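Below: the structure, in structure tokens.
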Amino acid sequence: MTVDAKKIESIVRKILEEMTGEKKSQDGNHGLFEDVDDAVAAAVVAQKQLIKLSLEQRGRLVEAIRQVGRDHAETFARMAVEETGMGNVKDKIAKNLLAANKTPGIEDLVTDAFSGDDGLTLVELSPYGVIGAITPTTNPTETIINNSIGMIAAGNSVVYSPHPTSRKTSLLCIELINKAIVKAGGPENLVTSVIQPSLEQSKKLMAHKDVKMLVATGGPGVVKAVLSSGKKAIGAGAGNPPAVVDETANLEKAGKDIIDGCSFDNNLPCTSEKEVIVVESVADYLVFYMKKNGAYQLTDKEKIEELTNLVVKAGHANKDFVGKSASYILKQIGIEAPEGTRVVIMDVPGDHPLVTTELMMPVLPIVRVENVDQAIELAVKVEHGFRHTAVMHSKNVDHLTKFAKAIQTTIFVKNGPSYAGIGVGGEGYTTFTIAGPTGEGLTSARSFCRRRKCVLVDGLSIR
Ligand code: NAD
């Protein structure tokens, strides 16, 4: 058996690290490794160093990650659009800033305390260790900023497996986060990745014995993969958010909100409105206000069919059109869109592929129904039980309650654009990992923690 010099060096380095518990500085590395084993080994060392720091110091590292997001929001946005061909720069800047500014930090780690005659017991939120995080192409740097803040605030290190189609952008983000953490006094390699991410590498990461938790943000394939890993896993999967509009809604606002939400980053967010279900008596008014806000209405049945055949392939969104602009998509079917076109809308029946498929592009089918009960029933059906996101425009509290109870989504936005649900113009913190399937919901630092009980018998109760 022949072992090359590089492998010998890597083995020696690992033995030294294990012996000393410390990693030697590797200039030019910045969290990026050829091999998954090396990326995990470095993250193991980094995590051991992280938990030796005070919470105040940990908070400073979190602040440094936020600053990377703020300083490079535009670079990340431009690079992502160029590399993936998806989304738009303006909205991606907003998404990066959102992740940097509204992701909870160490303040999210709240201790539970029980005190009484028998003493004092604490339930503390402790880290898992090394987390393997698989990230999507639709929000590449946003997810890495968001996950890094939450996971490191919780005391973990992270090994990323970024989507190969957003590789360069994701690796730059990981590198800059590393540099910022070191500059802020933290250890190297708190966030790492392989230089050539692939499905193979992703599987290796999932199976690695030193990876104690897996977090998957992506479609059904990757969520199923982490849930079958035999490890603690968080799955943030696909959605198909319906927007229901009833006869009591403020139609002018609903029309604007739906187009704003649907067109955000060319419909890439998993939370964006993917189909509209409207009560027939108000449908024409709603369409009027949607058109006023940049919707282009397709009425020709042949053109609707042509568009459908173009954007839906074998029951899935055609990747060539995911995250493209409305005018680009219209051009492919021979239509020159007027200036200001943001979304393509069309009337279709409820079982149409444009309705049932998660498209992730600004193509928004509209289904007209007789009443709110039919609207709710259809919305529940086309959301496919993903329990992800739903939107309703209504002033009737009974209708709002009925729909929210029936659809059981993690995010339910009332009378606003879908992005209010991730903290843009809506109260509450943000996340880019919305864990419907495994139930953590809007993940934050506390989602990446183990609950540990610490019991002091007798004393310290001052009640
Ligand atoms: P994707 O599923 O194609 O890829 C996501 C990641 O998983 C990538 O890194 C990919 O390489 C990896 N991957 C895919 N299948 C895998 C498998 N079998 N084993 C191991 N790794 C695997 O998704 P995408 O196109 O990047 O993103 C879009 C999808 O993600 C949509 O369905 C969207 O709704 C969903 N999404 C969900 C959330 C959420 O918070 N719930 C956030 C963003 C995106």
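When a ligand or atom number is given, it counts from 1 through the structure's own listing order. Please read these numbers as outputs of a predicted model, since none were measured by experiment. For the numbers below, each heavy atom of this structure counts, side chains included, while hydrogens, waters and symmetry mates do not.
Proximity of a side-chain donor or acceptor of Arg58 to a complementary backbone N or O of Ala153 within less than 3.5 Å is detected. Side chain of Asn318 to backbone of Leu310: a donor-acceptor contact under 3.5 angstrom is found. One N or O on the side chain of Lys324 and one on the backbone of Gly85 form a donor-acceptor pair closer than 3.5 Å. Judged purely by atom type and a 3.5 angstrom limit, Glu377 has no side-chain atom pairing as donor or acceptor with the backbone of Ala375.
No more than 12 heavy atoms of other residues, nucleotides or ligands sit less than 6.0 Å from atom NE2 of His316. The number of heavy-atom neighbours closer than 6.0 Å to NZ of Lys303, taken from other residues, nucleotides and ligands shown, is above 12.
Atom 37 (C) of ligand 1 has its closest protein heavy atom at Gly237 O, 3.2 Å. Closest to atom 39 (C) of ligand 1, if we only count protein heavy atoms, is Cys270 SG, 3.5 Å. The protein non-hydrogen atom at the shortest distance from atom 18 (N) of ligand 1 is Gly221 O, 3.8 Å. Protein heavy atom closest to atom 12 (C) of ligand 1, with residue, atom name and distance, is Ile134 CG2, 3.6 Å. Closest protein heavy atom to atom 35 (C) of ligand 1: Gly218 O, 3.3 Å. For atom 10 (C) of ligand 1, the nearest non-hydrogen atom of the protein is His163 CD2, 3.8 Å. Scanning the protein heavy atoms around atom 44 (C) of ligand 1, the nearest turns out to be Thr138 OG1, 3.8 Å.
Across Gly323, Gly219, Gly239, heavy-atom proximity to atom 1 (P) of ligand 1 is greatest for Gly219. Scanning Ile434, Leu205, Thr137 for the heavy atom closest to atom 25 (O) of ligand 1 points to Thr137. Relative to atom 14 (C) of ligand 1, the option among Thr271, Thr410, Thr84, Val222 with the closest non-hydrogen atom is Val222.
When non-hydrogen atoms are compared, ligand 1 lies under 4.0 Å from neither the backbone nor the side chain of Ala216. Proximity of Leu199 to ligand 1, defined as any heavy-atom pair under 4.0 Å, is confined to the side chain (atoms from C-beta onward). By the criterion of a heavy-atom distance under 4.0 Å, the side chain of Glu358, and not its backbone, is placed next to ligand 1. At a heavy-atom cutoff of 4.0 Å, ligand 1 is contacted by the side chain of Ser202 but not by its backbone. Looking at Pro164 against ligand 1, only its side chain comes within 4.0 Å, counting heavy atoms. If you look at Ala236 next to ligand 1, the close heavy atoms, those under 4.0 Å, come from the backbone and the side chain alike.
Ligand-side atoms of ligand 1 in range of Ser161: 9 (O), range being under 4.0 angstrom from any heavy atom. Contact atoms of ligand 1 toward His388: 39 (C), 41 (N) (distance under 4.0 Å to a heavy atom of the residue). When each atom of ligand 1 is checked for a heavy atom of Ala225 under 4.0 Å away, the hits are 19 (N). Ligand-side atoms of ligand 1 in range of Thr433: 40 (O), range being under 4.0 angstrom from any heavy atom. Taking every heavy atom of Pro162 and a limit of under 4.0 angstrom, the matching atoms of ligand 1 come to 9 (O).
Ion pair Glu74/Arg78 flagged as a salt bridge, since at least one NZ, NE, NH1 or NH2 atom sits closer than 4.0 Å to an Asp/Glu carboxylate oxygen. Salt-bridge check for Arg342 with Asp260: passed, with a basic side-chain N closer than 4.0 Å to an acidic carboxylate O.
Residues Val45 and Glu188 form no side-chain contact, since every pair of their non-hydrogen atoms from C-beta on lies 4.5 Å or further apart. Residues Leu330 and Ile333 form a side-chain contact, since some pair of their non-hydrogen atoms from C-beta on lies under 4.5 Å apart. Contact check for Val211 versus Lys231: side-chain heavy atoms found under the 4.5 Å cut-off.
Residue-to-ligand polar distances keep Asn139 apart from ligand 1: every N/O pair is separated by 3.5 Å or more. Between Thr135 and ligand 1, at least one pair of N/O atoms sits closer than 3.5 Å.
Aromatic ring pairs are classed by plane angle as parallel below 30°, tilted from 30° to 60° and perpendicular above 60°; the pair His72 and Phe76 is tilted.
Residue contacts with ligand 1: Met360 is included, with a non-hydrogen atom under 4.0 Å away.
Partner of Asn146 under the side-chain hydrogen bond (donor to acceptor under 3.5 Å, both in side chains) criterion, chosen from Thr141, Thr103, Thr443, Thr430: Thr103.
For the residue pair Thr438 and Glu440, a side-chain donor N or O sits within less than 3.5 Å of a side-chain acceptor on the partner.
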